[in-house]
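Below is one structure, written out as structure tokens; the observations come after it.
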Amino acid sequence: MASGFIEISNKQGLSVTLLPFGATLAKVAFPDKNGVNQDLVLGFDTIDEFENDTASIGKTVGRVANRVKDSKLTFDGKEYSMTPNNGPHYLHGGPNGLGQRKWEVVRHDPRSVSFSVKANEQEDGLPGDAKIDVTYTVNDRNQLIIEHHATCENAGLLALTNHAYWNLDGSETISDHYLEMDSDEYVEVDHTFCPTGFIRPVNRTRFDFRNGKPLRESGLPGEELLDLDNDLVIAKKDPPVTPTSYLRFWSQKSGIELSIITSYPVIHLYASKFLDCIGKHGEHYKANKALAIEPQFHSAAPNFDHFPDVSHRPGQHYCQEIVYTFSHVN
């Protein structure tokens, strides 16, 4: 069974490196406008560093991605209290979440790799259990596709995401990167960055990325650091249409563009305000070094009945997809 770094690639220059620990996206290499390969995600040089990381860099996180308010929830009439790991809150499946586990490699070919893991209440404190499979695939359209599949024997909760941090040109910050997102609403958070339960319109707020803008324009007045740590709700079309992208993220410096479509209902954006660690090639990763782009279910969904249901029950097949497309800015 493979335990080290695993590379998959296409013939067009897209190369992706993965790691069984945390089912981690460790490296994404793609040529810039000058034909020079750029590594587009943060990470580390060694497996030990990935295993000791506390910022979930590149990892598959869950069983419930993002925060559970005050580390408490009620499921099927029973109250659960989990171990806090983000102030008073339970974040990304807690200290024993999926990102802290070594996954089994169940399939591997030159363009695709699948990881599998089992989780239960004794390990992470969440109700129920799950057998989870994550597949990474690259294709000739310069796409990286992540598929999340799961089944369970006992009813519980499941809401996954990938927690890669993206920087498309290697700059010290992503302030000059551009972001466009088809979102009319965002999830309001309190001072601890936990959802309040209110969903607000983005109109006339710093969360309005519908026409695209540099990330530096999304900061709070008077503050230099970007403190994005919010869900943006993907806009629903009536009648439904097949999108070319829900989100576009690009760098004029490198000419690289990342676009995303997904089956998940929101995309959580975290501008790495609290990032502080030594990463690849000894670089000191600091605040705003990268943007974590996390397609997922609503943060704190188990705490609010009007948020999408993230219960997972026997006979129900959890099936979600994230598609990243890499190209060059026109």
Side-chain angles (χ1 to χ4, degrees), residues 56 61-62 64-69 89 91-92 146 148 159-168 174-175 177-220 223 225-238 240-250 257-274 288 290-304 306-308 310 320-325:
S56 299
V61 294
V64 174
N66 231 288
R67 292 167 178 84
V68 174
K69 186 176 178 64
H89 310 304
L91 179 69
H92 295 325
I146 302 180
H148 294 154
L160 308 175
T161 192
N162 177 271
H163 205 282
Y165 289 77
W166 298 89
N167 182 316
L168 305 184
I174 36 81
S175 296
H177 281 54
Y178 283 73
L179 180 70
E180 178 182 289
M181 184 168 171
D182 187 10
S183 172
D184 300 323
E185 299 174 309
Y186 72 98
V187 177
E188 181 185 79
V189 297
D190 61 21
H191 69 283
T192 67
F193 299 100
C194 193
T196 63
F198 291 103
I199 297 178
R200 306 292 191 187
V202 301
N203 191 40
R204 297 184 179 180
T205 75
R206 62 193 183 93
F207 304 109
D208 189 351
F209 294 99
R210 290 174 292 185
N211 294 320
K213 63 183 180 183
L215 279 175
R216 63 175 178 273
E217 295 182 9
S218 66
L220 288 169
E223 286 197 14
L225 290 180
L226 305 174
D227 70 341
L228 284 174
D229 199 350
N230 299 79
D231 296 353
L232 272 67
V233 182
I234 295 171
K236 295 180 180 179
K237 304 298 183 183
D238 189 17
V241 296
T242 302
T244 55
S245 68
Y246 290 131
L247 178 148
R248 294 174 60 233
F249 185 54
W250 70 95
E257 177 179 313
L258 164 65
S259 65
I260 292 176
I261 57 174
T262 182
S263 57
Y264 284 107
V266 307
I267 297 180
H268 187 89
L269 301 175
Y270 171 51
S272 57
K273 181 179 180 180
F274 302 107
N288 298 156
L291 182 67
I293 304 174
E294 309 162 50
Q296 59 171 58
F297 288 104
H298 293 52
S299 299
N303 301 120
F304 300 103
H306 58 289
F307 283 5
V310 294
Q320 302 292 336
E321 184 179 65
I322 307 167
V323 180
Y324 307 85
T325 301

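- The shortest side-chain heavy-atom distance between Ile267 and Met181 falls under the 4.5 Å cut-off.
- In this structure, Asp190 does not pair ionically with Arg67, as no charged nitrogen and carboxylate oxygen lie closer than 4.0 Å.
- Two residues are said to be in side-chain contact when any heavy atoms from C-beta on lie closer than 4.5 Å; His177 and Asn167 meet this criterion.
- A donor-acceptor contact under 3.5 angstrom links the side chains of Gln320 and Ser263, judged on distance only.
- Side-chain atoms of His148 never come within 3.5 Å of backbone atoms of Ala159 as a donor-acceptor pair (strictly under, hydrogens ignored).
- Shortest non-hydrogen contact noted between Ser245 and Ile261 is CA-CG2, 3.4 Å.
- Using a 4.5 Å cut-off on side-chain heavy atoms (C-beta onward), Leu247 and Phe209 make no contact.
- Within the 4.5 Å cutoff, no side-chain heavy atoms of Ser299 are placed close to those of Val187.
- The two atoms that bring Phe297 and Pro308 nearest to each other are CD2-CB, 4.2 Å, heavy atoms only.
- Here the side chains of Leu291 and Leu226 are not in contact, with every heavy-atom distance at 4.5 Å or above.
- Considering CG of Leu269 and CD of Glu294, their distance stands at 8.0 Å, rounded to 0.5 Å.
- Side chain of Ser259 to main chain of Arg248: no donor-acceptor pair is present (N/O by atom type, distance under 3.5 Å, no hydrogens or angles).
- Taking the six-membered ring where the residue is Trp, Phe274 and Tyr270 present parallel rings, their angle staying beneath 30° rather than reaching 60°.
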Exercise for the section: Given side-chain contact (heavy atoms from CB on, under 4.5 Å), test Phe249 with Leu179 step by step and report yes or no. Expected result: CA-CA 5 Å; Phe249 185 54; Leu179 180 70; 4.1 Å; yes
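- Here Ile199 contributes atom CD1 and Leu232 contributes atom CG; the two are 11.0 Å apart, rounded to the nearest 0.5 Å.
- Between atom OH of residue Tyr186 and atom CZ of residue Arg200 there is a gap of 7.0 Å, rounded to the nearest 0.5 Å.
- Of the possible donor and acceptor atoms, one in the side chain of Ser272 sits under 3.5 Å from a partner among the backbone N and O of Asn288.
- Taking the side chain as every heavy atom from C-beta outward, Asp229 and Lys273 never approach each other to under 4.5 Å.
- In this structure the side chain of Glu180 reaches within 4.5 angstrom of the side chain of Trp250, judged on heavy atoms.
- Rounded to the nearest 0.5 angstrom, Ile293 CD1 and Ile260 CD1 are separated by 4.5 Å.
- Thr262 contributes a side-chain N or O that, together with a main-chain N or O of Glu321, makes up a donor-acceptor pair within less than 3.5 Å.
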Exercise for the section: Show your working on side-chain contact (heavy atoms from CB on, under 4.5 Å) between Asn66 and Leu91 and close with a plain yes or no. Expected result: CA-CA 5 Å; Asn66 231 288; Leu91 179 69; 4.2 Å; yes
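- When all heavy atoms are compared, the tightest approach of Leu160 to Gly62 is CD2-CA, 4.2 Å.
- Here Leu225 contributes atom CG and Leu228 contributes atom CG; the two are 11.5 Å apart, rounded to the nearest 0.5 Å.
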Problem - Check against side-chain contact (heavy atoms from CB on, under 4.5 Å), Ile146 and Tyr324 - result: CA-CA 8 Å; Ile146 302 180; Tyr324 307 85; 3.5 Å; yes
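- You'll find the side chain of Asp227 reaches within 4.5 Å of the side chain of Arg206, heavy atoms only.
- Residues Tyr165 and Ala290 come closest through the heavy atom pair CB-CB, 3.6 Å.
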Exercise for the section: Show the numbers, then the answer: is there a side-chain contact (heavy atoms from CB on, under 4.5 Å) between Asn303 and Val68? Expected result: CA-CA 7 Å; Asn303 301 120; Val68 174; 3.7 Å; yes
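- Ring geometry for His92 versus His163: interplanar angle over 60°, hence perpendicular rather than tilted (30 to 60°).
- When all heavy atoms of Pro195 and Phe307 are compared, the pair lying nearest together is CB-CE2, 4.3 Å.
- In terms of modelled atom types and a separation under 3.5 Å, the side chain of Thr161 and the main chain of Pro295 share a donor-acceptor contact.
- Checked by atom type and distance alone, the side chain of Lys213 pairs as donor or acceptor with a backbone atom of Asp208 at under 3.5 Å.
- Under a 3.5 Å cut-off, the side chain of His298 and the backbone N or O of Asp231 do not form any donor-acceptor pair.
- Scanning all heavy atoms of the two residues, the minimum distance from Ile174 to Trp166 falls at CG2-O, 3.8 Å.
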